[in-house]
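Worksheet for the structure shown next.
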Amino acid sequence: QECRYDGGANCGSQHFPFPDTDPGGSEGGVNLPDLPAPTDPCGQAKALQEDDIFKRIMTALKVRSNNENREVANYYAEDDIDQNGILQVKGVTGNEGEPYINLPMPDLPIDVFIHEHYEGLSSIFTGADVYALYQLLDNDKLRNPSTFTFGLVTEQGSTYLMMIEDVEQFRRFGNDYFVGATSARQANNLLDYALQASGITSNGSITANEKGFLTFLQASNAGLVLFKGNSTDFSSWEKLGRNSSGSVVSVPCP
């Protein structure tokens, strides 16, 4: 399914007007600011705070997480705009009652992949999510690995970004972690076991699962960072870490 955010098209059951990208502007349009491109996860998280398209897609996924019993995802490259100035956003919809989606490898490298977890699923990223990010990197499907955005919004009310802080470290993590895996399912199971050992459960609290995921990232030296967002309007993101006592804290960006 291909979703076109063009002011009159539909993506699944959602409808999104697309801001005007013509520098000259048009009646009723919204000019996108000409800002320097981010170069790292902190810069990208800051840029997303002003990204109306990203926020609209996240809002739509939040609605679907509360109203549907299936996983849904969207992904796109920020420069994949057609001759009419329409951003080409791809959509993937899982089957009813199945807690996963089958993500085909994109034809071209992408900048953003965001998805939702419906009721009963984890409030934070799963092993399958981490493995999907590694597969995208390993298959050269990230246009800029240092700013690639892997997002999540959940029925529980949590929303996160998982980003690559150290690309080579994440490659080493994946190469080491999955060396014995003979299938995607086995790789996912290896990660899910590690996440559960860190304290993450499908019915765990948002706070407990945040702590567990950060524990996993630190223990595995995965080269990944976690940002938590404002799930009301997705207008702010803060980098998370653990202090010396193990509590989850906000980590200032440079």
Side-chain angles (χ1 to χ4, degrees), residues 5 18-21 23 30-59 61-62 73-81 87-90 106 108-115 124-125 129-130 132-153 158-174 210 213-214 216-218 220-243 248-254:
Y5 294 77
F18 185 79
D20 174 40
T21 57
V30 178
N31 290 321
L32 299 181
D34 185 14
L35 300 174
T39 59
D40 58 30
C42 279
Q44 176 69 355
K46 183 177 180 180
L48 291 174
Q49 295 176 167
E50 308 298 329
D51 189 329
D52 286 340
I53 299 303
F54 177 82
K55 290 188 285 187
R56 290 174 187 178
I57 299 172
M58 289 291 277
T59 298
L61 289 174
K62 176 182 176 181
N74 292 111
Y75 59 95
Y76 58 91
E78 292 170 349
D79 67 345
D80 189 9
I81 299 172
L87 180 68
Q88 303 301 294
V89 180
K90 303 295 192 303
L108 299 172
I110 60 175
D111 292 293
V112 175
F113 176 90
I114 46 183
H115 70 300
I124 204 161
F125 294 108
D129 293 333
V130 176
L133 178 56
Y134 173 75
Q135 286 288 87
L136 288 168
L137 176 67
D138 194 47
N139 285 276
D140 297 320
K141 295 303 183 181
L142 307 186
R143 208 159 67 96
N144 183 348
S146 297
T147 58
F148 182 79
T149 300
F150 197 105
L152 171 68
V153 61
S158 56
T159 184
Y160 302 99
L161 306 176
M162 177 170 56
M163 303 181 74
I164 305 174
E165 187 170 55
D166 187 324
V167 177
E168 292 311 310
Q169 184 60 43
F170 186 49
R171 287 188 190 277
R172 286 193 292 271
F173 159 81
E210 282 178 1
F213 194 77
L214 290 167
F216 165 75
L217 292 185
Q218 184 176 25
S220 62
N221 197 22
L224 301 175
V225 288
L226 181 69
F227 290 83
K228 183 176 183 176
N230 171 2
S231 61
T232 301
D233 59 7
F234 310 100
S235 62
S236 63
W237 296 94
E238 61 175 343
K239 184 179 178 181
L240 297 184
R242 297 194 313 157
N243 61 18
V248 177
V249 295
S250 177
V251 178
C253 278

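This one's a predicted model, so the numbers in the text were calculated from it and none came from an experiment.
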Suppose we screen for salt bridge (charged side-chain N to carboxylate O under 4.0 Å, His left out). Which residues come up paired with E165, at least two apart in sequence or across chains? K239
Pairing residues for R242 by the salt bridge (charged side-chain N to carboxylate O under 4.0 Å, His left out) criterion, not counting sequence neighbours: none
Side chain to side chain contact (heavy atoms under 4.5 Å, CB included) with S250: which residues, sequence neighbours excluded? E238
Could you tell me if the side chain of L136 sits less than 4.5 Å from the side chain of P106, heavy atoms only? yes
Rounded distance (nearest 0.5 Å) linking atom CG of D79 with atom CG of L108: 8.5 Å
Rounded to the nearest 0.5 Å, how far does CG of D166 lie from CG of N221? 8.0 Å
Cut-off 3.5 Å, no hydrogens considered: what does the side-chain donor-acceptor table look like for residues 226-233, sequence neighbours left out?
| residue | atom | partner | partner atom | Å |
| --- | --- | --- | --- | --- |
| K228 | NZ | E210 | OE2 | 2.9 |
| N230 | OD1 | T232 | N | 2.9 |
| N230 | OD1 | T232 | OG1 | 3.4 |
| N230 | ND2 | D233 | OD1 | 3.0 |
| S231 | OG | G157 | O | 2.9 |
| D233 | OD1 | S235 | N | 3.2 |
| D233 | OD1 | S235 | OG | 2.7 |
| D233 | OD2 | S235 | OG | 3.4 |

L61 and I114, any side-chain heavy atoms less than 4.5 Å apart: yes
Can you name the ring pair (Phe, Tyr, Trp, His ring centres under 6.0 Å) partners of F54, sequence neighbours left out? none
Which pair of non-hydrogen atoms, one from G43 and one from P38, has the smallest distance, and what is that distance? C-CB, 3.5 Å
Going through the distances and angles, do L224 and L133 end up as a side chain to side chain contact (heavy atoms under 4.5 Å, CB included)? CA-CA 10 Å; L224 301 175; L133 178 56; 3.8 Å; yes
Rounded to the nearest 0.5 Å, what separates atom CG in N74 from atom CE in M58? 10.5 Å
With a 4.5 Å heavy-atom cut-off, do I57 and F234 have their side chains touching? no
Donor on one side chain, acceptor on other, H115 and D129, under 3.5 Å: yes
Please list, chain by chain and in numerical order, all residues satisfying side-chain hydrogen bond (donor to acceptor under 3.5 Å, both in side chains) with T149, sequence neighbours excluded. Q44
Any donor-acceptor pair under 3.5 Å from D138 side chain to Y134 backbone: no
Hey, could you give me the OG/NZ distance between S236 and K46, rounded to the nearest 0.5 Å? 13.5 Å
Residues in side chain to side chain contact (heavy atoms under 4.5 Å, CB included) contact with S220, at least two apart in sequence or another chain: F173, F216, A222
Could you work out, with side-chain hydrogen bond (donor to acceptor under 3.5 Å, both in side chains) as the rule, every residue matching Q49, not counting sequence neighbours? none
Which residues satisfy the side-chain hydrogen bond (donor to acceptor under 3.5 Å, both in side chains) test with Y75, sequence neighbours excluded? none
I'd like to check S146 versus V167 (side-chain heavy atoms, cut-off strictly below 4.5 Å). Are they in contact? yes
Taken in chain and number order and not counting sequence neighbours, the residues that satisfy salt bridge (charged side-chain N to carboxylate O under 4.0 Å, His left out) with K55 are D52
Side chain to side chain contact (heavy atoms under 4.5 Å, CB included) between F148 and F113, intermediate numbers included: CA-CA 8 Å; F148 182 79; F113 176 90; 3.8 Å; yes
Contact between R56 and I53 at the side-chain level, heavy atoms closer than 4.5 Å - yes or no? yes
Quick one: salt bridge (charged side-chain N to carboxylate O under 4.0 Å, His left out) partners of D111, sequence neighbours excluded? R143
Considering only heavy atoms from C-beta outward, does the side chain of L214 approach that of L240 to under 4.5 Å? yes
Roughly how far, to the nearest 0.5 Å, is CD1 of I164 from CG of L137? 5.0 Å
Please identify each residue that fulfils side chain to side chain contact (heavy atoms under 4.5 Å, CB included) with A132, with sequence neighbours left out. F150
Can you tell if the side chain of M162 reaches within under 4.5 Å of the side chain of V130, non-hydrogen atoms only? yes
Parallel, tilted or perpendicular, as decided by the 30° and 60° cut-offs, for the rings of F125 and Y160: tilted
